[in-house]
> 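To start, I am sharing the structure in question, which I have written as structure tokens.
All figures in this text were calculated on a predicted structure; none of them were measured in a lab. Quick note: numbers below take in every heavy atom, side chains included, and nothing from hydrogens, waters or symmetry partners. For reference, positions follow the sequence shown, starting with 1.
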Amino acid sequence: MKTRLISAAILLPICFLIIWVLPKAVCAIAVAVLCAFMAYELLKRTGLVPHTRLVVYTMLAAFMVPLWCHLGMSRPWGLLGLLVFFCAVFGEMLYNHVKVRFEMIGYCMLAGIVLPYLLSAIVRILDLYS
């Protein structure tokens with residue numbers, strides 16, 4: 001508990017600095033890196049998805065979602081990225097049907113698409129005021 005408080009006391013001012021002082025591109029990259037680490041922690045560290053390739057695909061998707069939001073790419077590019085992610089994850093499920101269960105795919109979708117999209121609201125709000 002003490003370690004968490006110390007790390008929060010150090011990292012919270014750094015987060016505010018990234019959001020309010022540094023350029024919006026740096027904030028988008030920081031949120032993208034944070035989302036990739038979040039996906040790794042959620043899937044691999046907790047043991048929900050022990051399959052390494054699924055975790056890597058999910059980390060890449062989680063990294064790309066905030067950057068897609070920051071760059072203001074059109075909906076077809078986002079759908080294309082989503083299609084590539086779905087094909088990679090479901091292809092992995094078909095290839096390793098014994099080791100990969102459908103609930104693992106659900107966890108990957110949550111950690112790779114839904115949660116990064118919610119966290120990228122910071123980026124979208126900052127882009128509104130630019």
> List, by chain and then residue number, the residues other than L83 in its hydrophobic cluster (Ile/Leu/Val/Met/Phe/Trp/Tyr, side-chain heavy atoms under 4.5 Å); write none if there are no others.
none
> Could you list the residues that satisfy salt bridge (Lys or Arg N to Asp or Glu O under 4.0 Å) with R101, not counting sequence neighbours?
E103
> Under the ring-ring contact (aromatic ring centres under 6.0 Å, His included) definition, can you give me all pairs with a residue in residues 72-91, not counting sequence neighbours?
none
> Once you round to the nearest 0.5 Å, how far does CD of E41 lie from CG of L34?
10.5 Å
> Just to verify, what does L5 make a side-chain contact (heavy atoms from CB on, under 4.5 Å) with, not counting sequence neighbours?
none
> Does F16 have any ring pair (Phe, Tyr, Trp, His ring centres under 6.0 Å) partners at least two apart in sequence or in another chain, and if so, which?
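If we apply the ring pair (Phe, Tyr, Trp, His ring centres under 6.0 Å) test to F16, skipping adjacent residues, the hits are W20.
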> What pairs with L22 under side-chain contact (heavy atoms from CB on, under 4.5 Å), at least two apart in sequence or on another chain?
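Partners of L22 by the side-chain contact (heavy atoms from CB on, under 4.5 Å) criterion, ordered by chain and then number, come out as I18, V26.
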> Does the pair M104 and V89 meet the rule for a side-chain contact (heavy atoms from CB on, under 4.5 Å), with working shown?
CA-CA 10 Å; M104 289 181 185; V89 171; over 6 Å; no
> Taking ring-ring contact (aromatic ring centres under 6.0 Å, His included) as the cut-off, I'd like each qualifying pair that reaches into residues 24-59, sequence neighbours left out, listed once.
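Not a single pair qualifies under ring-ring contact (aromatic ring centres under 6.0 Å, His included).
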> Show me the pairs that pass side chain to side chain donor-acceptor pair (under 3.5 Å) and involve residues 61-76, at least two apart or across chains.
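For residues 61-76, and leaving out neighbouring residues, the side chain to side chain donor-acceptor pair (under 3.5 Å) pairs sorted by first residue read H70-D127.
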> Not counting sequence neighbours, list each pair that qualifies as a ring-ring contact (aromatic ring centres under 6.0 Å, His included) and has a residue in residues 102-124.
none
> Given V55 and T58, is the side-chain contact (heavy atoms from CB on, under 4.5 Å) satisfied, shown in steps?
CA-CA 5 Å; V55 174; T58 305; 5.6 Å; no
> Can you list the steps and then say if N96 with R53 is a side-chain contact (heavy atoms from CB on, under 4.5 Å)?
CA-CA 11 Å; N96 290 322; R53 280 188 291 211; 3.4 Å; yes
> Could I get the full list of side-chain hydrogen bond (donor to acceptor under 3.5 Å, both in side chains) partners for T46, not counting sequence neighbours?
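T46 satisfies side-chain hydrogen bond (donor to acceptor under 3.5 Å, both in side chains) with no other residue.
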> Between atom CZ of R45 and atom CE of M38, what is the distance when rounded to the nearest 0.5 Å?
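Spacing of CZ (R45) from CE (M38) equals 15.5 Å.
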> Report the hydrophobic cluster partners of Y95, with the cluster defined as I, L, V, M, F, W, Y residues connected by side-chain heavy atoms closer than 4.5 angstrom, directly or transitively.
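Joined to Y95, directly or through intermediates: none.
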> For K44 and P50, indicate whether the former's side chain and the latter's backbone hold a donor-acceptor pair under 3.5 Å.
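Checking the backbone N and O of P50 against the side chain of K44, a donor-acceptor pair under 3.5 Å is found.
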> Quick one: side-chain contact (heavy atoms from CB on, under 4.5 Å) partners of L110, sequence neighbours excluded?
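In terms of side-chain contact (heavy atoms from CB on, under 4.5 Å), with neighbours along the sequence ignored, L110 is linked to V114, L115.
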> Quick one: SG on C27 to CD1 on I125, what's the gap to the nearest 0.5 Å?
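Going from SG on C27 over to CD1 on I125, the span is 10.5 Å.
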